[in-house]
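For reference, the structure discussed in these notes is given below.
For ligands, and for the atoms within them, numbers begin at 1 and follow the listed sequence.
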Amino acid sequence: MADELQSRGLRPFTIVHPRAIIGPETTLEPGCVVLGGAHVSSSVTLARHVQVNYNATVGHDAVLEEFATVLPGANVAGTTHIGAAAAIGSNACVLQGLAVGAGAVVGAGAVVTRNVPSAVVAKGVPARW
Ligand SMILES: CC(C)(COP(=O)(O)OP(=O)(O)OC[C@H]1O[C@@H](n2cnc3c(N)ncnc32)[C@H](O)[C@@H]1OP(=O)(O)O)[C@@H](O)C(=O)NCCC(=O)NCCS
């Protein structure tokens, strides 16, 4: 849908709530939404149309590919890689350095302790799929 709208001349813009914190050397591509209370650390890459919800955190040097969504209160640790269109559920935790594959869904409250393949639903503590 985003591509269709863009092909018709619409340009995405980025919204960062005034109560969100964005660290130094972090880049947000067009279409990103960062909501109140979110804290995105330093040297993070948010690709186009990434959404970081209320009170979520994203650690240093993380890379979130396009259309990835971090739901409220989730913690995506430093140096993680979140694939395109992946969703990290409310209050879930992705431990440092891990990768979540494209289109995967991490359930609410899950703790991700190893890499998650693409397009699976990972849930529980530790997360299983
Ligand atoms: C993980 C999730 C994607 C699974 O959705 P689903 O495939 O529709 O799963 P169901 O609701 O059919 O539940 C299937 C089973 O998984 C369990 N389950 C569902 N969500 C779970 C979770 N987050 N953690 C652990 N178990 C979960 C259910 O209890 C059920 O177990 P049972 O078969 O023993 O009864 C979803 O529950 C979830 O957590 N989504 C994220 C929601 C969120 O963060 N929303 C934010 C809104 S702002």
Give the intermediate values and the outcome of side chain to side chain contact (heavy atoms under 4.5 Å, CB included) for residues V34 and T14.
-> CA-CA 8 Å; V34 182; T14 294; 6.0 Å; no

Worked verdict on K123 versus R128 for side chain to side chain contact (heavy atoms under 4.5 Å, CB included) = CA-CA 6 Å; K123 61 191 177 188; R128 297 281 184 248; over 6 Å; no

Side chain to side chain contact (heavy atoms under 4.5 Å, CB included) between L64 and V70, intermediate numbers included | CA-CA 9 Å; L64 280 67; V70 183; 3.6 Å; yes

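Without hydrogens or angle criteria, T45 side chain to V63 main chain gives no donor-acceptor distance under 3.5 Å.
Looking from atom 47 (C) of ligand 1 to the surrounding protein, the closest heavy atom is S90 OG, 4.2 Å. The nearest heavy-atom contact from the protein to atom 36 (C) of ligand 1 is G107 CA, 5.0 Å. Protein heavy atom at the shortest distance from atom 28 (C) of ligand 1 is K123 NZ, 4.9 Å.
In this structure, P72 counts as a contact residue of ligand 1, since one of its heavy atoms falls inside 4.0 Å of the ligand.
Counting all heavy atoms, side chain and backbone alike, E66 lies closest to A47 at N-CB, 3.4 Å.
For ligand 1, the atoms lying closer than 4.0 Å to a non-hydrogen atom of V121 are 1 (C), 3 (C). Near V105, the atoms of ligand 1 lying under 4.0 angstrom from a non-hydrogen atom of the residue are 3 (C). Less than 4.0 angstrom separates some heavy atom of G89 from each of these atoms of ligand 1: 44 (O).
For atom 8 (O) of ligand 1, no protein non-hydrogen atom is found at a distance below 4.0 Å. Counting protein heavy atoms under 4.0 angstrom from atom 5 (O) of ligand 1 gives zero. For atom 32 (P) of ligand 1, the nearest protein heavy atom is 4.0 Å or more away. Within a 4.0 Å radius of atom 1 (C) of ligand 1, the protein contributes one or more non-hydrogen atoms.
For the pair H60 and E25, the minimum side-chain heavy-atom distance is 4.5 Å or more.
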Which donor-acceptor pairs under 3.5 Å do side chains of residues 76-99 form with protein atoms, sequence neighbours excluded?
from : atom 1 : to  : atom 2 : distance (Å)
T79  : OG1    : G97 : N      : 3.3
T80  : OG1    : A77 : O      : 2.7
H81  : NE2    : E65 : OE2    : 2.8

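In this structure, of A108, A92, A110, the residue bringing a heavy atom nearest to atom 24 (N) of ligand 1 is A108.
Between R8 and D3 there is no salt bridge, since no side-chain N of the basic residue sits under 4.0 Å from a carboxylate O of the acidic one.
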